[in-house]
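The next block holds one structure in the form of structure tokens; read it before the comments.
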Amino acid sequence: MIEQILNAAVTNAVKTLYDLDATPSQVQLQNTRKEFEGDFTLVVFPFTKVSRKSPEATAAEIGEYLQQNVAEVESFNVIKGFLNLSVSRKYWLSFLAGSANEPRFGFSESQETKPVVVEYSSPNTNKPLHLGHIRNNLLGFSLSRILQAAGKNVVKVNLVNDRGIHICKSMLAWQRWGNNETPESSGLKGDHLVGKYYVVFDKHYKDEISTLVAGGMQADEAAKKAPLILEAQQILQKWEAGDEAVINLWKKMNGWVYDGFATTYQTLGIEFDKTYYESQTYLLGKKLVEEGVQKGVYARRADGSVWIDLAAEGLDEKLLLRSDGTSVYITQDLGTAMQRYDEYSPEQLIYVVGNEQEYHFNVLKAVLKHLGCDWSTAIYHLSYGMVELPAGKMKSREGTVVDADDLMQEMFDTAEAMARELGKIESFEDEEAKKLYRTIGLGALKYFILKVDPKKNMLFNPAESVDFNGNTGPFIQYTYARIKSVLRKADEAGYVVSFSADNSVTLRPEEKELLRKLHDFPALVMQAADMHSPAVIANYAFELASEYNRFYHELTILKEENLDSRNLRLSLSGFTASVIANALWLLGIEVPERM
RNA sequence: GGCCUCGUAGCUCAGUGGAUAGAGCAGCAGCCUUCUAAGCUGCGGGUCAUUGGUUCGAAUCCAAUCGGGGUCACCA
């Protein structure tokens with residue numbers, strides 16, 4: 001790639017001219033802004049100290065050197081301290097000729113190295129998935145693909161939280177008020193059915209608390225003493241003791257939930273290489289904690305509870321094991337982290353988990369470090385922001401959630417209404433039309449969520465449904481379909497696209513800009529992987545599609561009479577389609593052949 | 001209260017020390033007998049929360065202040 005060539009050449013230039021061994025951070029090479037002439041710009045301010053000349057003179061000197069010593073540098077101009085370099089037409093054309101038909105352009109071949117384990121989704125089995133889970137799933141899945149495209153050996157992992165008091169609440173409510181209702185008898189999706197009883201529990205539970213408070217009890221005490229919660233706790237104890245009836249009910253209801261989740265994952269287009277269940281791993285951490293006590297890095301108190309003092313790390317004293325010997329959240333995570341490390345010896349362990357758990361992950365890393373696990377540095381918490389509604393945060397128990405299944409269905413319906421209104425589907429078979437609504441509806445939803453920086457909180461307004469025009473998934477999908485249409489017509493006309501670098505065409509500005517955008521793709525994939533950010537890819541895909549639409553509008557393709565020009569444009573079109581498809585693939589978004 | 005994080009156009013968001021801060025939506029005005037108008041072009045819209053500092057250069061780095069969110073459980 002030309003960037004490396006220029007980088008090395010600049011390093012040589014300042015060595016020769018000023019006897020300076022430049023550090024990489026001193027060589028600031030960037031894309032030239034559109035309003036100036038040139039392709040790449042070198043910021044020369046870092047060299048003015050050693051050149052002892054004005055920025056302009058320094059830039060001119062380095063420019064001269066590059067023009068004489070680098071074949072690809074055709075000309076240069078200097079504006080203030082900025083050296084704008086123009087790369088030769090020949091370079092651009094040979095880039096196009098060499099890469100246009102490379103279907104995996106931008107993707108690195110996977111290395112035979114230690115894997116990167118990405119855990120995402122990790123749902124509780126007491127309620128259906130909502131918008132927050134959608135962000136989690138889309139980020140985790142997309143990040144996995146981006147890392148894979150950057151040459152990593154990725155394992156996608158889901159850890160299902162299938163045990164605990166929350167499930168017992170749903171179980172109890174179903175036993176008490178469910179009348180043996182099943183997904184079949186109710187017509188409800190399994191996860192929604194179980195979620196319904198979670199809400200039922202909460203309603204009755206709150207009633208009980210109110211009654212107790214009315215009788216003179218303190219609210220926090222009432223919350224602990226309400227009969228329903230005591231009974232739920234009993235169920236949990238029976239579960240841990242292996243009580244057959246409880247286990248059977250638990251299996252039955254969790255089974256419903258898994259069927260429901262499988263449907264949601266499939267609709268969303270998400271998958272995993274391996275699924276773990278917390279019921280099978282929740283005891284793992286205890287042994288580790290015991291080891292820590294033996295080593296003297298953790299302290300056991302008189303009541304039997306185990307603690308670690310992380311004041312030195314700026315964290316508090318943290319509980320690692322309850323006085324009754326049962327494990328807490330962190331105990332389990334210690335166990336699963338260790339298990340995962342033993343199983344995969346990963347290069348990196350990525351957890352896609354909301355930023356509300358940042359503190360927890362800091363503690364997790366610190367605890368492992370104290371235990372002598374130097375691999376704790378391999379843990380990376382992709383801490384994404386909350387999805388907020390105009391009214392504030394989503395709360396499952398209060399019903400202020402945007403349900404994942406409902407939302408996707410709405411997206412499909414909107415896509416259908418839109419397509420009908422625009423008269424897009426007259427020539428479509430029913431089956432193809434239905435598939436198109438799904439492709440576009442999901443494209444809109446996924447793009448909407450992935451285009452924002454994962455770290456930031458984002459706002460979702462259900463009243464203003466997700467857009468299909470402008471900076472959206474459908475816009476990019478439309479651009480792809482448009483290109484495909486042109487290519488089909490070219491094919492029908494019997495055009496054979498052949499393009500080689502010694503072609504004598506001149507590059508029009510629209511062609512040049514498009515080519516430059518395409519050229520950027522591989523570097524952006526690497527950047528997205530480094531930053532763990534699908535948003536980098538999303539924003540790129542939009543810019544690329546915009547660039548193509550400008551090109552498409554300004555220039556004719558099929559009717560271009562100059563054969564070299566027509567081939568150049570067809571070649572650029574095909575290349576663009578392929579890069580759009582690749583970029584959207586990284587986001588888990590499909591492309592339609594027509595729309 | 002301690003710690004973390006965010007604050008950029010009416011709204012949703014880009015912009016990981018570099019040139020005159022950008023998109024989309026919403027608003028207004030144009031472009032379909034021509035390769036798909038889910039498109040293209042133009043206009044208006046900014047004290048980058050505030051103040052100070054570092055730097056040749058700050059939306060970006062540092063400090064303080066104000067405002068929003070998160071977190072600090074023998075919950076997960």
Side-chain angles (χ1 to χ4, degrees), chain A residues 25 28 30 32-33 35-36 41 43-46 48-49 55 79-82 84 122 124 161 163-166 278 301 303-307 314-316 318-330 332-333 354-360 362-363 383 385-386 388 392-393 415 418-419 421-422 424 440 444 448 451-453 455-461 464 467-479 481-490 493 527 530-531 533 535-536 538-539 542-543 545-546 548-550 552-560 569-570 573 594-595:
Chain A
S25 68
Q28 290 178 41
Q30 51 199 237
T32 302
R33 295 177 61 137
E35 59 264 39
F36 303 106
T41 295
V43 183
V44 299
F45 290 106
T48 52
K49 258 183 192 155
I79 297 172
K80 293 195 258 181
F82 300 91
N84 301 321
S122 305
N124 290 355
N161 184 7
R163 62 163 287 280
I165 191 75
H166 44 281
E278 206 182 278
R301 289 188 181 168
D303 64 2
S305 58
V306 177
W307 296 75
L315 307 166
D316 303 300
K318 298 299 299 180
L319 175 83
L320 298 179
L321 208 60
R322 291 196 187 97
S323 51
D324 64 5
T326 58
S327 51
V328 288
Y329 183 37
I330 190 92
Q332 300 165 30
D333 266 14
N355 61 13
E356 58 198 348
Q357 296 200 33
E358 224 154 82
Y359 182 79
H360 170 75
N362 286 334
V363 172
S383 170
M386 300 289 99
E388 284 162 1
K393 212 186 160 181
M418 202 86 118
E421 196 183 308
L422 293 169
K424 291 283 186 182
I440 295 174
F448 177 82
K451 79 172 175 186
V452 344
D453 183 342
K455 293 195 299 284
K456 292 191 176 173
N457 288 359
M458 64 179 291
L459 187 81
F460 178 82
N461 190 343
E464 305 164 10
D467 246 311
F468 287 69
N469 299 314
N471 186 358
T472 67
F475 166 83
I476 302 165
Q477 291 172 318
Y478 173 73
T479 307
R482 220 181 195 188
I483 296 172
K484 284 301 187 175
S485 172
V486 172
L487 296 179
R488 274 193 301 272
K489 292 217 160 98
Q527 195 196 341
D530 283 348
M531 295 174 66
S533 173
V536 170
N539 287 311
F542 172 66
E543 285 168 17
S546 301
Y548 185 83
N549 281 321
R550 249 191 300 280
Y552 178 92
H553 188 259
E554 291 302 317
L555 305 171
T556 54
I557 301 169
L558 296 173
K559 287 181 182 155
E560 171 59 42
R569 289 172 197 171
L570 280 170
S573 296
R594 50 188 198 136
M595 71 183 267

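Throughout, protein chains are lettered first and strands after them, A, B, ... in sequence-line order, and every chain is numbered starting at 1.
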Checklist entry - Centres of the F36(A) and F82(A) rings: under 6.0 Å? => result no

Next on the checklist: Walk along nucleotides 58-64 of chain B from 5' to 3' and tag each nucleotide B, S or - by protein heavy-atom contact under 4.0 Å, base first, then sugar-phosphate.
Outcome noted: -------

Next on the checklist: Taking any heavy-atom pair under 4.0 Å as a contact, classify Y552(A): base, sugar-phosphate, or nothing.
Outcome noted: base

Expected rows: protein N/O vs nucleotides 14-16 of chain B N/O, under 3.5 Å:
residue: A14(B); atom: OP1; partner: D453(A); partner atom: N; Å: 2.6
residue: A14(B); atom: OP2; partner: K456(A); partner atom: NZ; Å: 3.2
residue: U16(B); atom: O4; partner: Q527(A); partner atom: NE2; Å: 2.3

Checklist entry - Listed by chain and number, what are the ring-ring contact (aromatic ring centres under 6.0 Å, His included) partners of F475(A), not counting sequence neighbours? => result F542(A)

Next on the checklist: If I take atom CG in residue D333(A) and atom P in nucleotide C75(B), what distance separates them, rounded to the nearest angstrom?
Outcome noted: 16 Å

Checklist entry - Could one point to a donor on the side chain of T41(A) or the base of A19(B) with an acceptor on the other under 3.5 Å away? => result yes

Item to check | Rounded distance in Å - NE2 (H360(A)) to P (C3(B)) | outcome: 22 Å

Next on the checklist: Using a 4.0 Å heavy-atom cut-off, does I440(A) contact any base of the nucleic acid, only the sugar-phosphate backbone, or nothing at all?
Outcome noted: base

Item to check | Contacts of type side-chain hydrogen bond (donor to acceptor under 3.5 Å, both in side chains), residue T32(A), not counting sequence neighbours | outcome: T41(A)

Checklist entry - F36(A) stacking on A19(B): centroids under 5.5 Å, ring planes under 30°? => result yes

Next on the checklist: Mind checking if A490(A) touches a base, just sugar-phosphate, or nothing, with heavy atoms under 4.0 Å?
Outcome noted: nothing

Checklist entry - Which residues satisfy the side-chain hydrogen bond (donor to acceptor under 3.5 Å, both in side chains) test with T48(A), sequence neighbours excluded? => result none

Checklist entry - Does R488(A) have any salt bridge (Lys or Arg N to Asp or Glu O under 4.0 Å) partners at least two apart in sequence or in another chain, and if so, which? => result none

Item to check | Results of ring-ring contact (aromatic ring centres under 6.0 Å, His included) for H360(A) - residues two or more places apart only | outcome: Y329(A)

Item to check | Base-pair map of RNA chain B as dot-bracket, where | denotes pairing with a different strand and pairs are Watson-Crick or G-U under 3.5 Å | outcome: (((((((..((((....[...)))).(((((.......))))).....(((((..]....))))))))))))....

Next on the checklist: Any donor-acceptor pair, under 3.5 Å, between the side chain of K455(A) and the base of U5(B), if you only look at N and O atoms?
Outcome noted: no

Checklist entry - With E278(A), which residues qualify under salt bridge (Lys or Arg N to Asp or Glu O under 4.0 Å), at least two apart? => result R163(A)

Next on the checklist: In whole Å, I'd like the distance from the CD atom of Q28(A) to the C1' atom of G57(B).
Outcome noted: 11 Å

Checklist entry - Separation of R488(A) atom CZ from U36(B) atom P, in whole Å? => result 9 Å

Checklist entry - Is there a stack between F475(A) and G39(B), judged by ring centres under 5.5 Å and planes under 30°? => result no

Checklist entry - Sequence neighbours excluded, which residues qualify as side-chain hydrogen bond (donor to acceptor under 3.5 Å, both in side chains) partners of Y359(A)? => result D316(A)

Next on the checklist: What does the B/S/- profile of nucleotides 68-74 of chain B look like, 5' to 3', with a 4.0 Å heavy-atom cutoff to protein?
Outcome noted: -SSSS-B

Next on the checklist: By the 4.0 Å heavy-atom rule, please label L570(A) as base, sugar-phosphate, or nothing.
Outcome noted: nothing

Item to check | Set of residues satisfying side-chain hydrogen bond (donor to acceptor under 3.5 Å, both in side chains) with respect to N124(A), sequence neighbours excluded | outcome: N161(A)

